[in-house]
Structures are given as C-alpha cells and as structure tokens.
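Quick note: numbers below take in every heavy atom, side chains included, and nothing from hydrogens, waters or symmetry partners.
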Amino acid sequence: MPRTGRLVMPGYPHHIVQRGHNRQLVFAERSDYEHYLSNLRELKEQCGIKVFSYCLMTNHVHLVVSPDTAAGLGAFMKGLAARATRYRNKLKGRSGTLWEWRYKSSVVDSEEYLLACSRYIELNPVRARMVALAGDYEWSSFQQRVGAKPEWLDSSPCFTSLGSTAAEARSKYGIFVEGGIPDAEYELIRQAVQRNQLTGSGKFVDAIEATLGLRVERRGPGRPKREK
C-alpha cells in the first residue's frame, strides 16, 4: 500500500507522534526530559509554533502544535530531533540515529478536537500504567495547563471558554482530562495520527476536502463531549 503523504496546514493544530528508532529508549534520566523541553520552548519561538500540549514518554513523544507556516513545522520537528540526537549521542559516546526518520502527523479540528487530542496525549502515562492520574505525571503539559499559570504553553478559545474565569477554566479542564476518554474517541484519534489523516467530524473533513480539492477517508461520526 502506498504511504500516505503528510498534510500540513498552517494555523491548524497538528497532533504529532515521533518514536525512537526501533522503539529504543529516548528518555532515561531526568536531564533527558528537561533538555527536550528546553529545546521545545526555544524552538517554538524560533519556528513560529504554538504548543498546546505535549507528553514525553520513555520511547516516544506526543505533541499538539500549530505552525504559522508549513516550513515552520518541518524546521521545528527537525530541530527537536537533531538536538535530542546530538545530546543523547554525546552523553552515551556513540553515533547514529535516535528517532524514526518519519514522524506521524494529523491535522486537528480546533473547534471540536483540540481539547480531545490534548486529553488523549496527557492520558498516555495513565494508559501505560505509569501513574494513576494525569496530574501525577511530570513530563506532560497537564500540570502546566491546570496550574495557576500555564508558563510557556499557548492557549486557545477551546481552553479559555471552559469557564467564566481562568481558574474555573483550569479546573474544568482538569475534570475533563481526569474523567477519561471514550473508546470511540480514543480510536478515532489514534487511527487518524497513525494514518496521517484528519482528526475531526465529517463536517470538518468536508471543509478541508473542499479547501484542498482532495478526498479524505471518513471515520466515525460525532464529537467529543466536554464537561459542563
């Protein structure tokens, strides 16, 4: 089967997954995580990228980011991968690749699925049984998002509209994530990023098809539920 081309759309969120080569360990020590996050923060400014959420697992990373330009996303991911590889190789006194050469990406419907994708990636450590709650995991965006100030994370109306005040929005987002993810929503998001397809409703798919003049395979209907 021919490989699906990667779709990049400036101004839209993209769910990114990048894995270690042959699923090798990428993060072993605390300093590995800290180094990657430092580069994430620096490169997002250099490349014109908004970072909405992230989760660093031991052998792969999940990001939800929005590029100002198509070239910016490529430069951002290339820079992250190269810096992490140089750091790890120097630390271990070796050479060679650290990552799979081709990361996976899915353009996300910002109105209906941005929150859902953030929840999906922030629950990764819970699904892996590394922690009991999303808030227990240090290397995801969850603690930043529900904290008094989201530090360097970017925001969007999807996050701020959850409450009439910033504190209420943070609280409701925490409830939304810790409440878990429905099976159908989990499968839609997982399959979309694995296949480099769109993450969104049928209406969203239709709109993107009309914009691009391309046919995109449809998946299950419906939208993720938000906490009221």
Side-chain angles (χ1 to χ4, degrees), residues 13-21 23-69 72-92 94 97-106 108 114-115 117-128 130-156 158-159 166 170 173-174 177-178 189 193:
H14 293 62
H15 177 194
I16 305 287
V17 179
Q18 187 162 37
R19 298 188 180 278
H21 181 63
R23 297 183 181 269
Q24 69 175 297
L25 197 67
V26 174
F27 304 104
E29 307 291 339
R30 182 179 188 87
S31 57
D32 299 339
Y33 295 94
E34 291 174 340
H35 183 264
Y36 188 93
L37 289 178
S38 176
N39 288 324
L40 182 67
R41 184 173 184 175
E42 180 181 341
L43 287 169
K44 90 181 195 73
E45 300 297 338
Q46 291 183 10
C47 301
I49 304 290
K50 291 182 175 64
V51 177
F52 298 120
S53 50
Y54 63 85
C55 186
L56 312 185
M57 302 294 282
T58 55
N59 65 358
H60 67 283
V61 300
H62 282 266
L63 306 170
V64 178
V65 301
S66 177
D68 289 343
T69 65
L73 182 60
F76 175 70
M77 293 305 299
K78 183 178 180 180
L80 279 175
R83 290 186 181 194
T85 298
R86 288 195 298 269
Y87 169 81
R88 191 76 177 156
N89 285 350
K90 182 178 180 181
L91 194 66
K92 296 299 180 180
R94 67 183 189 188
T97 185
L98 179 65
W99 305 94
E100 288 184 349
W101 73 275
R102 192 174 190 267
Y103 62 86
K104 297 183 182 298
S105 174
S106 172
V108 177
L114 175 53
L115 289 180
C117 283
S118 294
R119 172 168 67 180
Y120 173 95
I121 73 172
E122 290 169 352
L123 284 175
N124 255 262
V126 177
R127 287 194 296 272
M130 299 169 70
V131 294
L133 300 170
D136 296 334
Y137 194 68
E138 186 174 2
W139 308 113
S140 84
S141 49
F142 183 79
Q143 290 184 2
Q144 279 197 66
R145 185 61 70 187
V146 300
K149 184 180 179 181
E151 298 182 22
W152 49 267
L153 283 181
D154 293 289
S155 191
S156 81
C158 292
F159 294 104
R170 291 194 299 269
Y173 180 73
V177 173
E178 297 287 18
I189 295 171
V193 73

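- Looking only at distances, no side-chain donor or acceptor of R119 sits under 3.5 Å from a matching main-chain atom of V177.
- Contact check for L80 versus V61: no side-chain heavy atoms found under the 4.5 Å cut-off.
- Taking the six-membered ring for Trp and thresholds of 30 and 60 degrees, F27 and W99 have ring planes more than 60 degrees apart, a perpendicular arrangement.
- Judged by distance alone, with hydrogens and angles left aside, the side-chain atoms of D32 form a donor-acceptor pair with the main-chain N or O of E29 at under 3.5 Å.
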For the pair Y54 and V65, evaluate side-chain contact (heavy atoms from CB on, under 4.5 Å) and give the outcome as yes or no after the intermediate values.
CA-CA 9 Å; Y54 63 85; V65 301; over 6 Å; no
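- Ring pair Y137/F142: centre-to-centre distance not below 6.0 Å.
- Remark: R127 is positioned above the aromatic ring of Y120, its terminal NZ or CZ atom under 6.0 angstrom from the ring centre and at most 45 degrees off the axis.
- Atom NE2 of H62 is separated from atom OG of S141 by 11.5 Å, given to the nearest 0.5 angstrom.
- In this structure, Q143 has no side-chain contact (heavy atoms from CB on, under 4.5 Å) partners at least two apart in sequence or on a different chain.
- Taking CG from L153 and CZ from R41, the interatomic distance works out to 9.5 Å, rounded to the nearest 0.5 Å.
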What's the verdict on side-chain contact (heavy atoms from CB on, under 4.5 Å) for F76 and L63, showing C-alpha distance, side-chain angles and the deciding distance?
CA-CA 12 Å; F76 175 70; L63 306 170; 4.1 Å; yes
Should Y36 and Y87 be marked as a side-chain contact (heavy atoms from CB on, under 4.5 Å) after you check the CA-CA gap, both sets of side-chain angles, and the distance that decides it?
CA-CA 9 Å; Y36 188 93; Y87 169 81; over 6 Å; no
Please tabulate, for side-chain N and O atoms in residues 42-51, each donor-acceptor pair with protein atoms closer than 3.5 Å (sequence neighbours left out).
{"from": "E42", "atom 1": "OE1", "to": "R83", "atom 2": "NH1", "distance (Å)": "3.2"}
{"from": "E42", "atom 1": "OE2", "to": "Q46", "atom 2": "NE2", "distance (Å)": "3.0"}
{"from": "E42", "atom 1": "OE2", "to": "R83", "atom 2": "NH2", "distance (Å)": "3.4"}
{"from": "K44", "atom 1": "NZ", "to": "D154", "atom 2": "OD2", "distance (Å)": "2.9"}

